[in-house]
Amino acid sequence: MESAENAVAGGADRLEVCSSLQLGGLTPSVGFVSVLRDKFPDIPLYCMIRQRGGNFVYRDDEMCAHTEDVEWLKRAGATGFVFGALTSTGALDRTACQSVIETARPLPVTFHRAIDVAIDWKNCLEEAIEVGFKAVLTSGQEPTALDGVYIIREMQEVYKHKIDILAGCGVNSSNVANLVDWTKCHWYHASAAVPKKNVSMNKVSMGKQDNQPIRVTSLEEVKMLKETLAPS
């Protein structure tokens, strides 16, 4: 909640809402999205649809859970969704993706960084456009957007009139100007997170990652990002 407050106060245009950021983001709770919608009635909320960490190859029962989550999160006030599914051979899973897109209608769905582990990103992106995704979030098949700048630029040059390209992963106020210059993208995705100070930790860990430093979105970092992207 603190991260959401800081992001909105810093000027973020929309929020990607998820749980377990340390796992790359998982589906948020209905209660959390409902409270966010009440708190920020005008901010777009795009909810991650991802049951678990790991690969993007989903079983039928996992997909049933995904579409059920979409239904409940629509009722809670979601503005859109973020989802991606691949086959075991690394191609876009059309059946899985279409099921989420159809359930989400009329709300838009962004294809997330599953494209960064697809076997052929061009075919994957073209199929994503065909099945109805409105945007794609990518680091250009590299660990960070800065590393993947050449692929992101090609995506933007070739597909910008068919789908929105969102550059993400490792984006911050010190590199976003270069990313704008090199990729020409109009959207940038960042956690803007910094370690939270003076936070007591449990004496006994509740899980392998439970006692890691807590990170929270920095209002100042969001402001600097926004000022660089849209100077007043």
Side-chain angles (χ1 to χ4, degrees), residues 12-18 21 24-25 44-50 54-58 79-102 104-105 107-192 222 225-226 228-230:
D13 295 285
R14 72 187 188 204
L15 302 182
E16 181 183 290
V17 188
C18 63
L21 195 59
L45 303 177
Y46 277 61
C47 295
M48 174 69 78
I49 300 298
R50 186 178 178 222
N55 66 31
F56 302 103
V57 182
Y58 296 117
T79 308
F81 297 94
V82 183
F83 175 76
L86 302 175
T87 67
S88 58
T89 59
L92 183 137
D93 186 334
R94 293 181 73 103
T95 300
C97 290
Q98 285 174 328
S99 69
V100 168
I101 290 170
E102 290 297 325
R105 291 192 194 281
L107 302 181
V109 184
T110 295
F111 190 73
H112 64 38
R113 294 188 59 223
I115 196 167
D116 293 325
V117 293
I119 194 70
D120 183 330
W121 72 261
K122 288 184 180 179
N123 282 342
C124 187
L125 184 52
E126 287 170 3
E127 287 201 76
I129 293 167
E130 286 178 13
V131 300
F133 285 102
K134 301 304 182 185
V136 58
L137 170 62
T138 180
S139 62
Q141 295 210 308
E142 296 290 348
T144 71
L146 211 58
D147 297 323
V149 68
Y150 298 109
I151 286 179
I152 298 172
R153 182 172 63 193
E154 185 175 355
M155 288 182 183
Q156 176 68 7
E157 288 175 349
V158 177
Y159 299 101
K160 62 184 177 183
H161 297 302
K162 297 181 178 180
I163 193 168
D164 288 335
I165 311 296
L166 284 67
C169 195
V171 175
N172 57 54
S173 59
S174 67
N175 63 29
V176 73
N178 286 336
L179 285 169
V180 172
D181 188 41
W182 294 337
T183 70
K184 311 302 182 187
C185 288
H186 300 293
W187 288 92
Y188 296 86
H189 171 98
S191 68
V222 176
L225 277 163
K226 189 62 183 289
T228 303
L229 291 168

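Heavy-atom basis, side chains included; hydrogens, waters and symmetry copies ignored.
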Test salt bridge (charged side-chain N to carboxylate O under 4.0 Å, His left out) applied to R94 and E130, E102, E126, the passing residue: E130
Hey, does I115 have a side-chain heavy atom less than 4.5 Å from the side chain of M155? yes
Using 0.5 Å steps for rounding, measure from the CZ atom of R113 to the OG1 atom of T138. 7.0 Å
OG1/T183 to CD/E157 distance, rounded to the nearest 0.5 angstrom? 9.5 Å
Closest non-hydrogen atom pair, F111 against A85: CE1-N, 3.9 Å
Roughly how far apart are C97 SG and F133 CZ, rounded to 0.5 Å? 3.5 Å
Just verifying a value: how many Å separate E154 CD and K122 NZ, rounded to the nearest 0.5 Å? 4.0 Å
Considering non-hydrogen atoms only, spot the tightest contact between T228 and A177 and give its length. CG2-CB, 3.9 Å
Approximate separation, where rounding is to 0.5 Å, of L166 CG and E16 CD: 9.0 Å
K226 versus D13: any side-chain heavy-atom pair under 4.5 Å? yes
Using a 4.5 Å cut-off on heavy atoms from C-beta on, say whether the side chain of K184 contacts that of D181. yes
Can a donor-acceptor pair be found, under 3.5 Å and without considering hydrogens, that links the side chain of T87 to the backbone of A91? yes
Determine the minimum heavy-atom distance between G168 and S139, stating which atoms define it. O-CB, 3.3 Å
Is the shortest heavy-atom distance from the side chain of I165 to the side chain of W187 under 4.5 Å? no
Is D93 reaching over with its side chain to a backbone N or O of F56, donor-acceptor style, under 3.5 angstrom? no
Expected output: side-chain Q141 to main-chain A118 donor-acceptor under 3.5 Å: yes
Counting C-beta onward and ignoring hydrogens, is there a side-chain heavy-atom pair between I119 and T89 closer than 4.5 Å? no
The single option from I101, T110, I49 passing side-chain contact (heavy atoms from CB on, under 4.5 Å) against F83: I49
Separation of L92 CG from L86 CG (nearest 0.5 Å): 6.5 Å
Using side-chain heavy atoms (C-beta onward) and a distance below 4.5 Å, is W182 in contact with L146? yes
Checking the side chain of H112 only, and the main-chain atoms of L137 only, is there a donor and an acceptor separated by less than 3.5 Å? no
Using modelled atom types only, decide if a donor and an acceptor are shared between the side chain of N172 and the backbone of N175 within a distance under 3.5 Å. yes
Do the side chains of L225 and Y188 get nearer than 4.5 Å, heavy atoms only? no
Can you tell if the side chain of Y58 reaches within under 4.5 Å of the side chain of R50, non-hydrogen atoms only? yes
Do T79 side-chain atoms and L45 backbone N/O form a donor-acceptor pair below 3.5 Å? yes
Note: C18 and M48 closest approach over all heavy atoms is CB-CB, 3.7 Å
Heavy atoms only: give me the nearest V109-A104 pair and the separation to one decimal. CG2-CB, 3.6 Å
Atom of C185, atom of I152 and distance for their closest heavy-atom approach: SG-CG2, 3.6 Å
